[in-house]
Amino acid sequence: MTLKIYNTLNKRKEDFIPLEEGKVGFYVCGITAYDVCHIGHARSAIVFDVIYRYLKYRGYAVTYVKNFTDVDDKIIEKALKEGVDIGTIADRYIREHNEDMDALGVARPTVAPRATENIKGMIRLIERLLERGLAYVVDGDVFFAVERFEGYGKLSGRTLDEMMAGARIEVDKKKKNPYDFVLWKAAKKGEPWWDSPWGRGRPGWHIECSVMSQRFLGETFDIHGGGEDLIFPHHENEIAQAEGATGKPFVRYWVHNGFVKINSEKMSKSLGNVFTVKDILRRVHPDVVRLFMLRSHYKSIIDFSEDGLRDARSAMERFYTTLETVNKLLAGGGDFDDFSGKDLSGEDEAFFRNVESLPERFVDAMDDDFNTARAIGYVFETLRRLNTYISDNEDRSRERAFLFALDTAKKRLRETGKVLGLFLADPSEYFRLDRDRELRRKNLTEEEIDALVEERNRARRERDWEKADAIRDRLRERGVLVRDSSGSSSWTVQ
RNA sequence: GGCGGCAUAGCCAAGUGGCCAAGGCAGCGGUCUGCAAAACCGUUAUUCCCCGGUUCGAAUCCGGGUGCCGCCUCCA
């Protein structure tokens with residue numbers, strides 16, 4: 001089986017063949033550190049996190065580079081406003097970013113370089129472009145001459161002529177062509193600067209990614225990712241800079257994730273509908289966010305909404321309910337270390353075989369351009385079979401064959417979960433966090449609910465069903481669902 | 001104006017030429033339960049926006065139409 005990746009460059013799915021067998025060089029455009037991360041950053045991060053995990057799962061040695069842009073107009077603006085230097089602003093938002101990513105279960109990249117640590121490399125790259133006649137200097141600014149780079153527009157699928165036809169872009173008198181972009185900006189008063197052959201200044205936005213990716217991954221590398229909005233101009237310009245300087249192909253596979261809309265509207269600061277990662281994580285468990293993101297294909301636009309989040313939470317709850325049941329059965333049962341699949345027969349064997357085939361089906365889905373939606377479908381299909389198996393065999397809770405089959409199911413579910421970064425929590429921990437969060441939101445305390453449940457249990461023992469039902473109704477009105485088992489009752493918050 | 005994408009059940013969402021159109025949520029009927037809840041079983045698209053065409057055969061390919069949306073400017 002071969003991994004297929006949709007390559008934005010060629011607009012089709014292609015077999016993934018890394019430059020060097022068994023190794024993958026992977027670069028993703030990170031954040032500009034001027035504000036806290038929102039749900040759109042979260043999607044991008046989760047998508048590429050899963051791609052990273054999957055490549056490793058498939059046995060590749062992956063070098064994953066994700067940069068931080070720590071010098072830029074917006075950072076400078078904020079620094080001026082607060083009267084601090086840009087490093088203070090960047091440090092703050094990089095720290096926030098790392099907190100958010102950790103909370104979302106996003107693995108740290110192999111390298112997380114910062115633009116300002118790579119100024120020398122940027123100057124060298126610009127010098128090479130000047131030497132090759134692909135750039136020109138005007139009053140301390142350096143521009144890339146798009147007309148001098150053959151193939152400009154190949155990633156975004158347009159030609160310079162087409163772009164000129166309809167576009168309305170700001171005309172900068174210094175530019176020879178309106179699509180020329182800045183490689184180096186002469187310093188204005190009060191702005192941070194670095195010395196360069198063209199005077200004091202700072203780098204343009206696109207140059208850092210060309211430099212940092214090649215520094216850690218080589219002049220040509222395997223996969224470059226980012227949000228679809230970066231295709232033009234950012235990634236187009238990265239190609240122009242890198243290939244202009246080296247004369248070699250820059251990136252073999254370009255991967256772009258789709259946007260997040262909020263209640264069917266574009267998320268934007270002007271609409272005031274930006275949800276930050278911290279907002280979301282106050283409301284739901286990270287698994288819910290990840291499930292919400294990964295149940296759609298990474299390229300499609302997803303619509304973030306209350307309903308969508310609730311659906312994902314319900315699904316997550318079902319998963320952990322089953323896992324909790326399995327854990328209890330395994331804890332209460334005996335030892336089955338010396339058991340193997342060969343010892344099974346009948347229903348046990350059929351179930352075992354089905355469960356053992358989960359990773360195979362999972363890989364099949366993921367190999368098809370990281371189809372996490374299909375992959376998750378297989379996980380839930382397995383979950384249903386597991387539930388059926390448990391309820392068909394309630395009287396066999398101490399049998400080795402049964403326990404062995406359950407244990408296998410759990411292992412296979414966790415194996416796929418590890419790649420998705422999902423389903424990895426301890427169920428009781430998951431429910432405890434979920435409960436605490438919901439209680440806070442509804443202004444309830446565990447104590448008052450426990451007291452009511454206890455009162456109800458007394459009524460139940462006295463067979464005072466009327467009173468028991470009244471208490472249950474009261475709790476339900478406040479969003480608390482009571483669930484009775486033989487001796488006691490548990491409860492969940494809706 | 002230029003370039004591109006999408007349209008599948010009540011909602012979300014896979015499926016890109018051929019088994020009964022995955023999976024999740026929600027609903028309904030049943031098992032269980034004092035009654036519920038959870039879990040389980042069954043059920044909910046003879047059909048994939050509309051109209052043509054290609055084909056033995058299309059949600060899937062082609063042409064046209066309709067409706068949404070994105071990019072072309074900082075943006076994940």
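Chain letters run A, B, ... following the sequence lines, proteins first, then strands; residues in each count from 1.
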For T116(A) and R114(A), which I'm curious about, is there any donor-acceptor pair between the side chains at under 3.5 Å?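 On atom types as modelled, these side chains do not qualify, holding no pair under 3.5 Å.
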Looking only at side-chain N and O atoms, does D279(A) offer a donor or acceptor that is under 3.5 Å from a partner on T276(A)?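 There is such a pair between these side chains.
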Separation of [X] atom [atom1] from [N] atom [atom2], in whole Å?
{"X": "K299(A)", "N": "rG4(B)", "atom1": "NZ", "atom2": "C1'", "result": "14 Å"}
{"X": "D392(A)", "N": "rC40(B)", "atom1": "CG", "atom2": "P", "result": "11 Å"}
{"X": "L309(A)", "N": "rG24(B)", "atom1": "CG", "atom2": "P", "result": "19 Å"}
{"X": "R463(A)", "N": "rA36(B)", "atom1": "CZ", "atom2": "P", "result": "15 Å"}
{"X": "D161(A)", "N": "rG2(B)", "atom1": "CG", "atom2": "C1'", "result": "12 Å"}
{"X": "D303(A)", "N": "rG24(B)", "atom1": "CG", "atom2": "P", "result": "22 Å"}
{"X": "I231(A)", "N": "rC3(B)", "atom1": "CD1", "atom2": "C1'", "result": "12 Å"}
{"X": "R385(A)", "N": "rG24(B)", "atom1": "CZ", "atom2": "C1'", "result": "17 Å"}

Carefully, step by step, assess Y54(A) and D367(A) under the rule side-chain hydrogen bond (donor to acceptor under 3.5 Å, both in side chains). CA-CA 9 Å; Y54(A) 186 64; D367(A) 268 357; 2.8 Å; yes
What nucleic acid atoms does [X] come within less than 4.0 Å of, heavy atoms only: base, sugar-phosphate, or nothing?
{"X": "I302(A)", "result": "nothing"}
{"X": "N387(A)", "result": "sugar-phosphate"}
{"X": "G157(A)", "result": "sugar-phosphate"}
{"X": "R313(A)", "result": "nothing"}

In dot-bracket notation, what is the pairing pattern of RNA chain B, taking Watson-Crick (N1-N3 plus N6-O4 or O6-N4) and G-U wobble (N1-O2 and O6-N3) contacts under 3.5 Å, with [ ] crossing and | for other strands? ((((((((.[[[..)..(....]]]((((((.......))))))....[[[[[..)....]]]]])))))))....
side-chain contact (heavy atoms from CB on, under 4.5 Å) partners of V65(A), counting only residues at least two apart: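 Counting only residues at least two positions away or on another chain, V65(A) forms a side-chain contact (heavy atoms from CB on, under 4.5 Å) with Y27(A), T63(A), V111(A), P113(A), F216(A), L217(A).
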Residues in side-chain contact (heavy atoms from CB on, under 4.5 Å) contact with T372(A), at least two apart in sequence or another chain: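 Checked T372(A) against side-chain contact (heavy atoms from CB on, under 4.5 Å); matches are V50(A), L294(A), M366(A), L420(A).
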Sequence neighbours excluded, every pair satisfying salt bridge (Lys or Arg N to Asp or Glu O under 4.0 Å) that has a member inside residues 415-427 of chain A: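 Checked against salt bridge (Lys or Arg N to Asp or Glu O under 4.0 Å) - neighbours excluded - the pairs reaching residues 415-427 of chain A are R412(A)-E415(A).
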Side chain of [X], heavy atoms from C-beta onward: which of [options] has the nearest atom to it?
{"X": "S391(A)", "options": "rC25(B), rC40(B), rA36(B)", "answer": "rC40(B)"}
{"X": "A315(A)", "options": "rC25(B), rG15(B), rG2(B)", "answer": "rC25(B)"}
{"X": "R460(A)", "options": "rG15(B), rC25(B), rG34(B)", "answer": "rG34(B)"}

Using the test ring-ring contact (aromatic ring centres under 6.0 Å, His included), find all partners of Y6(A) that sit at least two apart in sequence or belong to another chain. none
Interatomic distance at [atom1], [N] relative to [M], whole Å:
{"N": "rC75(B)", "M": "rU8(B)", "atom1": "C1'", "value": "32 Å"}
{"N": "rA59(B)", "M": "rU55(B)", "atom1": "C1'", "value": "16 Å"}
{"N": "rG15(B)", "M": "rC69(B)", "atom1": "C1'", "value": "22 Å"}
{"N": "rG23(B)", "M": "rC32(B)", "atom1": "P", "value": "26 Å"}
{"N": "rG53(B)", "M": "rG17(B)", "atom1": "C1'", "value": "16 Å"}
{"N": "rA76(B)", "M": "rC20(B)", "atom1": "P", "value": "47 Å"}
{"N": "rC56(B)", "M": "rG70(B)", "atom1": "P", "value": "42 Å"}
{"N": "rA21(B)", "M": "rA14(B)", "atom1": "C1'", "value": "10 Å"}

Name every donor-acceptor pair, under 3.5 Å, that has one atom in a side chain of residues 310-333 of chain A and the other anywhere in the protein, sequence neighbours excluded.
residue: R313(A); atom: NE; partner: D434(A); partner atom: OD1; Å: 3.1
residue: R313(A); atom: NH2; partner: D434(A); partner atom: OD2; Å: 2.9
residue: R313(A); atom: NH2; partner: V493(A); partner atom: O; Å: 2.8
residue: S314(A); atom: OG; partner: R310(A); partner atom: O; Å: 3.1
residue: Y320(A); atom: OH; partner: D287(A); partner atom: OD2; Å: 2.6
residue: Y320(A); atom: OH; partner: L424(A); partner atom: N; Å: 3.2
residue: Y320(A); atom: OH; partner: A425(A); partner atom: N; Å: 3.0
residue: T321(A); atom: OG1; partner: E317(A); partner atom: O; Å: 2.6
residue: T322(A); atom: OG1; partner: R318(A); partner atom: O; Å: 3.2
residue: T322(A); atom: OG1; partner: N387(A); partner atom: OD1; Å: 2.9
residue: T322(A); atom: OG1; partner: N387(A); partner atom: ND2; Å: 3.1
residue: T325(A); atom: OG1; partner: T321(A); partner atom: O; Å: 2.9
residue: N327(A); atom: OD1; partner: K410(A); partner atom: NZ; Å: 2.8

Once salt bridge (Lys or Arg N to Asp or Glu O under 4.0 Å) is applied, do any residues pair with R441(A), and if so which ones, sequence neighbours excluded? E438(A)
Residues in salt bridge (Lys or Arg N to Asp or Glu O under 4.0 Å) with R463(A), at least two apart? none
Can you pull every protein N or O that's under 3.5 Å from an N or O on nucleotides 74-76 of chain B?
residue: rC74(B); atom: O2'; partner: K74(A); partner atom: NZ; Å: 2.2
residue: rA76(B); atom: OP1; partner: H41(A); partner atom: NE2; Å: 3.0
residue: rA76(B); atom: O2'; partner: G227(A); partner atom: N; Å: 2.7
residue: rA76(B); atom: N1; partner: V260(A); partner atom: N; Å: 2.9
residue: rA76(B); atom: N3; partner: G40(A); partner atom: O; Å: 3.2

R435(A): side-chain hydrogen bond (donor to acceptor under 3.5 Å, both in side chains) partners, not counting sequence neighbours: none
Qualifying residues under side-chain hydrogen bond (donor to acceptor under 3.5 Å, both in side chains), relative to T382(A), sequence neighbours excluded: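 T382(A): no side-chain hydrogen bond (donor to acceptor under 3.5 Å, both in side chains) contacts found.
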Stepwise ring-ring contact (aromatic ring centres under 6.0 Å, His included) test for Y389(A) and F402(A): CA-CA 9 Å; Y389(A) 181 68; F402(A) 174 68; 5.4 Å; yes
Can you work out whether T321(A) or S300(A) has the more 5'-proximal nearest nucleotide on RNA chain B?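 Going by which nucleotide is closer to the 5' end, it is S300(A).
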Distances for protein N/O vs nucleotides 21-23 of chain B N/O pairs under 3.5 angstrom?
residue: rG23(B); atom: OP1; partner: R384(A); partner atom: NH1; Å: 3.4

